[in-house]
Amino acid sequence: MSEARKYPAPVTNPETAAFWDAAKSGRFMIKRCTACGEAHYFPRSICPFCYSDKTVWEEASGEGTIYTYSLMRKSPTGPYAIGYVTLKEGPSVQTNFVDCDLEKLKIGQKVKVVFKPTDGAPLPFFTPV
């Protein structure tokens with residue numbers, strides 16, 4: 001029987017505390033700039049588009065599509081896939097794909113966020129719908 005994969009706990013700070021607190025209740029948060037209207041991820045207090053500090057937290061749907069991915073077949077921990085997901089809300093998220101047949105992943109495939117437990121806040125990953 002294989003042992004469940006153990007994920008490292010995220011490093012948190014005051015700027016991202018709301019993100020990790022929401023993750024504990026299964027909510028995936030992004031930031032939106034109220035000055036230019038753009039949504040962004042990874043959540044930070046300064047908008048990466050217009051550099052305004054007028055940003056607010058927004059709960060994302062957790063749904064998106066695979067923009068690109070790479071399948072790593074040779075790894076000491078076994079095969080895994082990393083890539084970018086474009087969220088319904090617009091931002092792109094770098095992520096790992098989990099709980100799926102990695103050989104069946106494809107660009108444009110619909111995915112949803114799933115949270116995996118750690119010794120701290122859960123980490124967000126994506127899996128096919």
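W57 and I30 fall within the same hydrophobic cluster, defined by Ile, Leu, Val, Met, Phe, Trp and Tyr side-chain heavy atoms under 4.5 Å apart, directly or through other members. Hydrophobic clustering (ILVMFWY, side-chain heavy atoms < 4.5 Å, transitive): I82 and Y7 are in distinct clusters. The hydrophobic clustering, which links ILVMFWY residues whose side-chain heavy atoms are closer than 4.5 Å, places F125 and L71 together.
Take D119 and apply the salt bridge (Lys or Arg N to Asp or Glu O under 4.0 Å) test, not counting sequence neighbours, and it matches K6.
Remark: F126 CZ to K110 NZ distance equals 13.0 Å, nearest 0.5 Å. Note that CD of E38 is 12.5 Å distant from OG of S52, once rounded to the nearest 0.5 Å. Interatomic distance, Q109 CD to I66 CD1, rounded to the nearest 0.5 Å: 4.5 Å. Here the straight-line distance linking atom CG of L105 with atom OG1 of T68 works out to 11.0 Å at 0.5 Å rounding. For the atom pair K31 NZ and E58 CD, the distance stands at 11.5 Å (nearest 0.5 Å).
Closest non-hydrogen pair, R27 versus S25, comes out as NE-OG, 3.1 Å. When all heavy atoms are compared, the tightest approach of C47 to T55 is N-CG2, 4.0 Å. H40 approaches R44 most closely through the heavy-atom pair NE2-O, 3.3 Å. Minimum interatomic distance between V111 and T65 (heavy atoms only, all atoms of both residues): CG2-N, 4.2 Å. Of all heavy-atom pairs spanning A9 and G120, the tightest one is CB-N, 3.6 Å.
Considering only heavy atoms from C-beta on, C33 stays 4.5 Å or farther from F49 through its side chain. Proximity of R5 to T77: side-chain heavy atoms (C-beta onward) are separated by under 4.5 Å at one or more points. Looking at P122 and K24, their side chains come closer than 4.5 Å, going by heavy atoms from C-beta outward. For the pair F42/T16, a side-chain contact is recorded, criterion being any heavy-atom separation below 4.5 Å from C-beta on.
Applying the 6.0 Å contact sphere to OH of Y84 captures no more than 12 heavy atoms from other residues, nucleotides or ligands.
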Indicate every side-chain donor-acceptor pair of residues 86-104 with a distance under 3.5 Å to a residue at least two apart or in another chain.
from, atom 1, to, atom 2, distance (Å)
K88, NZ, E63, OE1, 2.6
E89, OE2, S61, N, 2.7
E89, OE2, S61, OG, 3.1
D99, OD1, K116, NZ, 3.0
D99, OD2, K116, NZ, 2.7
D101, OD1, E103, N, 3.0
E103, OE1, R73, NH2, 3.2
E103, OE2, R73, NE, 3.4

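E15 places a side-chain N or O within donor-acceptor distance of the main-chain N or O of S45, the cut-off being under 3.5 Å.
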Evaluate S75 against Y80 for side-chain contact (heavy atoms from CB on, under 4.5 Å), listing each step before the verdict.
CA-CA 8 Å; S75 165; Y80 65 96; 3.7 Å; yes
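Checked against the 6.0 Å centroid criterion, the rings of Y41 and F28 qualify as a close aromatic pair.
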